[in-house]
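The figures that follow rest on heavy atoms only: side chains count, while hydrogens, waters and symmetry mates do not. These numbers were taken from a predicted model, which means no experiment stands behind them.
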Amino acid sequence: MRKMRRMLVVLLLGCLLGCLSGCAGTPQSRESGSNAVVSLLGAEGAGGKLTLYAATEGRGDEDAQMFHGQGATPAAAVEALIDQGRQVVNSAHVEHLLLGEDSPTLLPELLSYAFQQPEQSTETQLWVVRGKGLKETFTPAADPAQRMNVLKAAGQDRQGFEPLTLREAAAALAEGRALLIPALASGEEGLYFWGYALYGGGRFTGWLTGNAALGAALLQGQRIHWTASAGDQAVLLQSRGCRVAPVLEEGKLTGLVLRCQLEGVAAGGWEAADTQQLEQETAQAMKEALRCMQFAGSDGAGIDRQATLRRPAQWTTVHQQWEAAFPGLKYQVEVGVTMAERY
């Protein structure tokens, strides 16, 4: 079985993404004659009816353009999207794919279709949008493509999220692993980073927001912008990784000990004396993330791989018991923070 999974991963990663992805170079939304090139796609649907939304970015005095296509399959929906009468919609430069909250079962189908297409990249970023539907998200007034570019610029410093690519999602699903997919919500200023959707078994099993989302980002080794609970103090935190030690009692997996190292740069008020408070707050955020994932029964942060990495002699025991034991594991989280002048 493991050999078959490895072969499937190789096969998926050997293919290249088609209409749902971006070409080599820097993909961008632009319009040339009757050819509208979109940078943003949205997908939702159920009961054999898939709707794809597409958006170009409004530039200068030009308004953003919106298109949509429907079909029983991704291929049919893409075909309907491309054929917009006098205008041809080119979706070969897509940077972001937004999946509707009510449509988790579409993800394997979309990935399967995307990886059958040649001559494209696999780095399109995957997002989930909270809410009843994507239609309101894809309106010229909202200019969602432009908003996603703003989010991408903020994400380059990993201040709150790190993008998940279709390549990474496909690899995780091929290995049967759960996913933490960055989630968006709509506000007065349009789309904004909301937290994470926990995906496993073809459905969304939970949602992580606030401190739980920040804790999940740190557990995954990301860089985040942290605001303290006291005053306007803030710090940029870079996770240097967690050493995860499984606790075994008479051969039974019963708990975890996580020792995490963070490096911080003051961004408004933090001093060396503040590290104790910071260590306590970040440890609590990680515990909240673990608690949410345990409640959902899905390890989206890959804690199991970290646990087996540190204790290779116990790999078989931990691996075999992990799925059943994870929801009830006791855990201890210890955090050490080192303040630096700059990264």
Side-chain angles (χ1 to χ4, degrees), residues 22 27-29 38-44 53-59 63-66 94-104 107 123-166 168-169 179-199 204 206-220 222-229 232 234-237 267-268 281-282 285 288-289 292 300-301:
Q28 52 186 318
S29 300
V38 301
S39 68
L40 181 65
L41 282 180
E44 66 180 4
Y53 298 92
T56 68
E57 180 185 340
R59 297 193 172 192
D63 293 330
Q65 292 182 282
M66 307 293 151
V94 172
E95 294 187 63
H96 307 279
L97 174 62
L98 311 186
L99 182 63
E101 176 186 350
D102 296 334
S103 306
L107 183 56
E123 300 307 303
T124 294
Q125 296 176 6
L126 175 64
W127 304 80
V128 173
V129 179
R130 295 228 65 181
K132 295 182 179 180
L134 293 180
K135 186 176 181 179
E136 294 183 0
T137 299
F138 282 80
T139 63
D143 201 349
Q146 170 61 27
R147 183 56 183 164
M148 292 306 300
N149 279 341
V150 173
L151 281 175
K152 181 179 179 180
Q156 288 176 351
D157 290 329
R158 302 181 187 177
Q159 295 181 16
F161 70 92
E162 184 169 320
L164 176 71
T165 67
L166 296 189
E168 293 168 331
L179 284 171
L180 281 173
I181 306 177
L184 305 170
S186 294
E188 294 181 358
E189 298 182 358
L191 292 167
Y192 63 93
F193 176 72
W194 181 86
Y196 289 99
L198 187 55
Y199 178 92
F204 296 128
W207 302 88
L208 283 74
T209 187
N211 280 353
L214 295 173
L218 291 174
L219 286 173
Q220 296 178 94
Q222 298 182 19
R223 178 183 180 185
I224 66 170
H225 185 273
W226 183 276
T227 302
S229 59
D232 297 324
V235 64
L236 289 177
L237 288 178
E281 290 187 357
T282 50
E288 290 183 27
C292 289

> Taking all atoms of both residues into account, what is the closest heavy-atom pair of Leu99 and Pro104, and its distance?
Replying inline: CD2-CA, 4.4 Å
> Does Gln220 use its side chain to pair, donor to acceptor, with the backbone of Ala301 at less than 3.5 Å?
Replying inline: no
> Met66 and Thr139: which non-hydrogen atoms are nearest, and at how many Å?
Replying inline: CE-O, 3.4 Å
>> For a quick test of reading the model, state the closest non-hydrogen atom pair linking Leu41 to Ala54 and the distance between them.
In response: CD2-CB, 3.6 Å
> Once you round to the nearest 0.5 Å, how far does CZ of Phe193 lie from CG of Leu184?
Replying inline: 8.0 Å
>> Show the nearest heavy-atom pair for residues Gly195 and Ala213, with the distance to one decimal.
In response: CA-CB, 3.9 Å
> Is there a donor-acceptor contact under 3.5 Å from the side chain of Arg130 to the main chain of Ala185?
Replying inline: no
> How long is the span from the CD atom in Gln125 to the CG atom in Leu97, to the nearest 0.5 Å?
Replying inline: 11.0 Å
> Going from OG1 on Thr282 to CG on Asn211, what distance comes out if it is rounded to the nearest 0.5 angstrom?
Replying inline: 10.0 Å
>> I'd like to know if the side chain of Thr209 and the backbone of Trp194 have a donor-acceptor N/O pair within less than 3.5 Å.
In response: yes
> Taking it one step at a time, do Leu40 and Arg147 satisfy side chain to side chain contact (heavy atoms under 4.5 Å, CB included)?
Replying inline: CA-CA 10 Å; Leu40 181 65; Arg147 183 56 183 164; over 6 Å; no
> For Leu107 and Leu126, what are the C-alpha separation, side-chain angles and deciding distance, and is it a side chain to side chain contact (heavy atoms under 4.5 Å, CB included)?
Replying inline: CA-CA 10 Å; Leu107 183 56; Leu126 175 64; 3.9 Å; yes
> Can you name the ring pair (Phe, Tyr, Trp, His ring centres under 6.0 Å) partners of Phe204, sequence neighbours left out?
Replying inline: Tyr199, Trp207
>> Please determine whether side chain to side chain contact (heavy atoms under 4.5 Å, CB included) holds for the pair Leu180 and Leu198, giving the CA-CA distance in whole Å, both sets of side-chain angles, and the decisive distance to 0.1 Å.
In response: CA-CA 5 Å; Leu180 281 173; Leu198 187 55; 3.6 Å; yes
>> Give me the atom names and distance for the closest heavy-atom approach of Ala212 to Ala289.
In response: O-CB, 3.3 Å
> Say you draw a straight line from CD1 of Ile224 to CG of Leu218; how long is it, rounded to the nearest 0.5 Å?
Replying inline: 4.0 Å
>> Would you say that Leu98 contacts Met148 through its side chain, given a criterion of any heavy-atom pair below 4.5 Å between the two side chains?
In response: yes
> Closest approach of Phe138 and Gly42, non-hydrogen atoms and distance?
Replying inline: CZ-N, 3.5 Å
>> Any non-hydrogen side-chain atom of His96 less than 4.5 Å from a side-chain atom of Pro144?
In response: no
>> Could you measure the distance from the CD atom of Glu168 to the CD atom of Glu123? Nearest 0.5 Å is fine.
In response: 7.0 Å
> Heavy-atom distance under 4.5 Å between the side chains of Tyr53 and Lys135, does that happen here?
Replying inline: yes
>> I'd like to know if the side chain of Thr124 reaches the main chain of Val94, judged simply by a donor and an acceptor atom lying under 3.5 Å from each other, with no hydrogens or angles considered.
In response: yes
